[in-house]
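Residues take their numbers from the sequence shown, with the count starting at 1. Only this structure's heavy atoms are used, side chains among them; waters, hydrogens and symmetry mates stay out.
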Amino acid sequence: QVQLVESGGGLVQPGESLALSCVASGGTFSIYSMGWYRQAPGKQRVLVASLPTRGSANYADSVKGRFTISRDNAKKTVTLQMNTLELEDTAVYYCHADIGVVRGGFTEPSRDYWGQGTQVTVSS
């Protein structure tokens with residue numbers, strides 16, 4: 001069973017940095033994209049950044065120039081480096097991956113997988 005496990009959340013002050021990591025595990029699968037979403041209290045879950053296996057990263061306008069997403073395909077990990085954090089970055093951050101599970105030598109149609117979420121709090 002495919003699982004996404006996140007790490008790296010915490011409490012920081014405005015202007016500080018934090019890095020989130022996520023690793024995919026469980027069986028044999030192909031990852032087509034990995035990324036991060038966030039959900040602030042009372043708001044919908046929104047895309048922060050995503051990165052396909054081949055291609056360019058996509059960032060929310062609010063984090064461009066401050067956040068950087070990277071992947072290690074061999075290790076099946078995705079990392080979100082968050083710099084110059086702002087109060088508005090406070091949210092639960094969720095790892096997301098578009099994954100196709102391999103069974104019997106065939107890759108099934110891909111679907112969304114989510115991590116359990118990690119809290120990022122920016123407070124003075």
Side-chain angles (χ1 to χ4, degrees):
Q1 177 127 5
V2 176
Q3 287 187 316
L4 301 180
V5 178
E6 302 134 335
S7 60
L11 172 63
V12 296
Q13 295 186 340
E16 294 185 337
S17 298
L18 202 60
L20 305 180
S21 292
C22 171
V23 59
S25 64
T28 304
F29 49 86
S30 297
I31 303 176
Y32 301 105
S33 70
M34 296 188 83
W36 294 90
Y37 287 68
R38 68 186 181 187
Q39 186 167 18
K43 295 188 177 181
Q44 290 187 330
R45 190 177 300 187
V46 296
L47 174 70
V48 176
S50 65
L51 185 59
T53 300
R54 296 181 181 84
S56 301
N58 181 37
Y59 294 96
D61 288 341
S62 60
V63 306
K64 284 180 180 177
R66 299 188 298 121
F67 291 11
T68 301
I69 188 171
S70 60
R71 285 177 59 176
D72 185 328
N73 292 327
K75 295 183 179 179
K76 301 175 183 177
T77 60
V78 62
T79 298
L80 185 68
Q81 177 64 45
M82 305 183 292
N83 298 328
T84 321
L85 282 161
E86 302 171 353
L87 298 175
E88 294 74 20
D89 294 319
T90 295
V92 177
Y93 284 69
Y94 295 91
C95 179
H96 167 266
D98 182 26
I99 290 175
V101 174
V102 179
R103 298 186 206 276
F106 296 93
T107 303
E108 298 180 347
S110 66
R111 70 171 188 89
D112 295 329
Y113 287 84
W114 296 92
Q116 78 282 1
T118 185
Q119 178 70 46
V120 172
T121 302
V122 184
S123 175
S124 56

Thr90 (side chain) donor-acceptor with Val122 (main chain) under 3.5 angstrom:
yes
Assess the residue pair Ile31 and Asn73 against the criterion (side chain to side chain contact (heavy atoms under 4.5 Å, CB included)); give the C-alpha distance rounded to whole Å, side-chain angles, the decisive distance to 0.1 Å, and a yes or no.
CA-CA 8 Å; Ile31 303 176; Asn73 292 327; over 6 Å; no
Taking atom types as modelled, is there a side-chain donor on Ser33 or Asp98 under 3.5 Å from an acceptor on the other?
no
As an exercise, state the distance from CD1 of Ile69 to CH2 of Trp36, rounded to the nearest 0.5 Å.
8.5 Å
Just verifying a value: how many Å separate Ser62 OG and Leu47 CG, rounded to the nearest 0.5 Å?
9.5 Å
If we ignore hydrogens and angles and just use 3.5 Å, is the side chain of Tyr37 paired with the main-chain N or O of Trp114 as donor and acceptor?
no
Determine the minimum heavy-atom distance between Ser17 and Asn83, stating which atoms define it.
OG-OD1, 2.9 Å
How long is the span from the CG atom in Leu20 to the CD atom in Gln81, to the nearest 0.5 Å?
9.0 Å
Any side-chain to backbone donor/acceptor pair from Gln3 onto Ser25? Under 3.5 Å, distance only.
no
Closest non-hydrogen atom pair, Arg71 against Pro52
NH1-C, 3.1 Å
When you compare the side chain of His96 with that of Asp112, does any pair of heavy atoms fall below 4.5 Å?
yes
Take Asp89 and Arg66 through the test side chain to side chain contact (heavy atoms under 4.5 Å, CB included) and record every step on the way to the result.
CA-CA 11 Å; Asp89 294 319; Arg66 299 188 298 121; 2.8 Å; yes
Can you name the nearest heavy-atom pair linking Pro14 to Leu87, along with the distance?
CG-CD2, 3.7 Å
Can you see which heavy atom on Val2 is nearest to which on Val101, and at what distance?
CG2-CG2, 3.9 Å
Drop me the distance from Thr118's OG1 to Tyr94's OH, to the nearest 0.5 angstrom.
10.0 Å
Inter-residue atom distance Lys76.NZ - Leu4.CG, 0.5 Å rounding
11.5 Å
In terms of the angle between their ring planes, are Phe67 and Tyr93 parallel, tilted or perpendicular, with boundaries placed at 30° and 60°?
tilted
Main-chain N/O of Gly26 paired to Gln1 side chain as donor or acceptor, under 3.5 Å
no
Are Thr121 and Gln119 linked by a side-chain donor-acceptor pair shorter than 3.5 Å?
yes
Check the pair Val48, Leu80 against side chain to side chain contact (heavy atoms under 4.5 Å, CB included), reporting the backbone distance first and the verdict last.
CA-CA 9 Å; Val48 176; Leu80 185 68; 4.1 Å; yes
Less than 4.5 Å apart, any side-chain heavy atom of Glu108 and any of Phe29?
no
Check whether any side-chain heavy atom of Val78 sits under 4.5 Å from a side-chain heavy atom of Cys95, and report yes or no.
yes
What verdict does the side chain to side chain contact (heavy atoms under 4.5 Å, CB included) test give for Arg38 and Val63, after you've listed the backbone C-alpha separation in whole Å, the side-chain angles of each residue and the deciding distance to 0.1 Å?
CA-CA 12 Å; Arg38 68 186 181 187; Val63 306; 4.0 Å; yes
Could you report the tightest heavy-atom contact between Met34 and Ala97, atom names first, then the distance?
CG-CB, 4.1 Å
Please report the shortest heavy-atom distance between Ser56 and Leu51, naming the atom on each side.
C-CD1, 3.8 Å
